[in-house]
Amino acid sequence: MNEHEATIITTPVNGIPVEVRRKRVKNFNLRIRTDGTVALSIPEPATMEEAQAFLAERERWLAPRVPKRIPDANGDDPAATCTATEAWERTHLWGKPLSPDEAPADAKATAELQKSELMRVLPKTMKRLQKKVGVEAGWWQIRHMKTCWGSCTPSTGAIRINARLASYPPACLEYMMIHELVHLMEPNHGKRFHMLLDVYCPRNRELKQLLSHAAETIA
């Protein structure tokens, strides 16, 4: 098996399929993708037996974080998108994978970690971005939301930011904060809005697409 080939092996107890690839890495790297599938990168000299032993040690951590698959009408076994997203968010902070010891144990702990991280970074980021855009919000709120990444009320200047953004790269948080600040100048998603967004966040289309692909349950 070369670096471009993958071998599928399963964990010994729960039978979770894992895609194993040899790469130029020093350590075994286990991660859950956004679609709920599991990937393991192993050093080039490592054997499949060593990979299997590694997975056996990590299965207790891995099992509750991998979405359970629900058979469809044709008997196939696709992962539920929402559950896959939650599993991915539980194992990532600011876009980087957490170690088994760092990852929250359940959804409640994940929500608490996300909120605490947003509370930690929001004040400094808010001050910098408000100065950059040239407008100030009436107040900022951190919420856990399932239907949007952020929202604002131009008449009051209130801006709400989804705490779940703490699981994604910092640029995604900044994009959404700028998006809502621009709405204070232009309430609608018209031509002027996109022109201003391009000025203050040139990567906005790329970051919007990243968030859309990362969590299909978010509009």
Side-chain angles (χ1 to χ4, degrees), residues 11 14 16 29-39 58-70 78-130 137-153 156-181 183 201 204 206-219:
T11 57
N14 293 280
I16 301 169
N29 298 315
L30 181 66
R31 65 189 180 93
I32 302 172
R33 298 191 182 103
T34 56
D35 63 358
T37 59
V38 184
R58 298 297 191 278
E59 185 170 15
R60 187 175 179 181
W61 170 84
L62 184 64
R65 292 169 172 80
V66 174
K68 294 182 179 179
R69 299 175 182 271
I70 303 173
T81 301
C82 182
T83 307
T85 298
E86 292 171 351
W88 190 87
E89 289 183 359
R90 191 179 298 176
T91 57
H92 290 74
L93 188 64
W94 300 120
K96 297 181 179 180
L98 293 166
S99 70
D101 293 335
E102 296 172 325
D106 52 35
K108 182 179 179 181
T110 301
E112 291 174 351
L113 176 61
Q114 290 170 333
K115 185 175 181 179
S116 66
E117 282 294 303
L118 257 293
M119 291 177 68
R120 180 179 66 83
V121 305
L122 188 64
K124 185 175 181 180
T125 307
M126 171 188 66
K127 183 177 180 179
R128 175 169 56 83
L129 294 181
Q130 287 183 154
W139 69 87
W140 294 80
Q141 289 182 317
I142 298 171
R143 292 184 179 178
H144 272 88
M145 299 181 281
K146 290 187 176 294
T147 58
C148 62
W149 288 115
S151 66
C152 79
T153 306
T156 63
I159 291 179
R160 293 159 289 277
I161 295 295
N162 197 333
R164 293 172 60 189
L165 285 163
S167 291
Y168 299 89
C172 292
L173 171 63
E174 294 195 12
Y175 152 64
M176 188 49 55
M177 292 175 69
I178 292 173
H179 181 110
E180 302 307 335
L181 284 169
H183 269 313
C201 184
N204 68 85
E206 171 195 344
L207 294 168
K208 179 181 179 180
Q209 188 173 21
L210 187 156
L211 285 173
S212 297
H213 288 170
E216 295 178 7
T217 56
I218 292 289

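The first residue of the sequence shown is numbered 1, and numbering continues consecutively from there.
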From CA spacing to verdict: side-chain contact (heavy atoms from CB on, under 4.5 Å), Thr91, Trp61
CA-CA 10 Å; Thr91 57; Trp61 170 84; 3.8 Å; yes
By side-chain hydrogen bond (donor to acceptor under 3.5 Å, both in side chains), which residues pair with Arg160, not counting sequence neighbours?
Ser151, Thr153
Let me confirm one number: the OH-CD distance from Tyr168 to Gln114, rounded to the nearest 0.5 Å.
8.0 Å
Within the distance-only criterion (no hydrogens, no angle test), does the side chain of Asn162 pair as donor or acceptor with the backbone N or O of Cys148 below 3.5 angstrom?
yes
For Glu59, all residues meeting side-chain hydrogen bond (donor to acceptor under 3.5 Å, both in side chains), sequence neighbours excluded
Thr11, Asn14
Atom NE2 of His144 and atom CG of Leu118: how far apart are they, to the nearest 0.5 Å?
8.0 Å
Would you check if Trp140 and Gln130 make a side-chain contact, meaning some heavy-atom pair closer than 4.5 Å?
yes
Residues Met145 and Arg164: closest non-hydrogen pair is O-NH1, 3.4 Å
Listing request: all salt bridge (Lys or Arg N to Asp or Glu O under 4.0 Å) pairs with a residue in residues 118-130, at least two apart in sequence or in separate chains.
Glu117-Arg120, Arg128-Glu174
Heavy-atom pair with the smallest gap, counting every atom of His92 and Ser167
O-OG, 3.4 Å
Leu181 to Ala137 - nearest heavy-atom pair and separation
CD2-N, 4.3 Å
Quick check for you: to the nearest 0.5 Å, what is the distance between Leu210 atom CG and Cys172 atom SG?
4.5 Å
Qualifying residues under salt bridge (Lys or Arg N to Asp or Glu O under 4.0 Å), relative to Glu112, sequence neighbours excluded:
none
Is Glu206 close to Tyr175 at the side-chain level, that is, under 4.5 Å between some pair of heavy atoms?
no
Which heavy atom in Arg90 sits nearest to a heavy atom in Leu98, and how many Å separate them?
O-CD1, 3.9 Å
Sequence neighbours excluded, every pair satisfying ring-ring contact (aromatic ring centres under 6.0 Å, His included) that has a member inside residues 103-127
none
The criterion is ring-ring contact (aromatic ring centres under 6.0 Å, His included); which residues satisfy it with His183, sequence neighbours excluded?
His179, His189, Phe193
If every non-hydrogen atom of Ile161 is compared with every non-hydrogen atom of Leu165, which pair is closest and at what distance?
CG2-CD1, 3.8 Å
Rounded at 0.5 Å granularity, tell me how far CE in Met176 sits from CG in Leu211.
6.0 Å
Would you name the heavy atoms of Leu113 and Pro104 that are closest together and state the gap between them?
CD2-CG, 3.8 Å
dist Ile178:CD1 -> Leu173:CG (nearest 0.5 Å) comes out at 9.5 Å
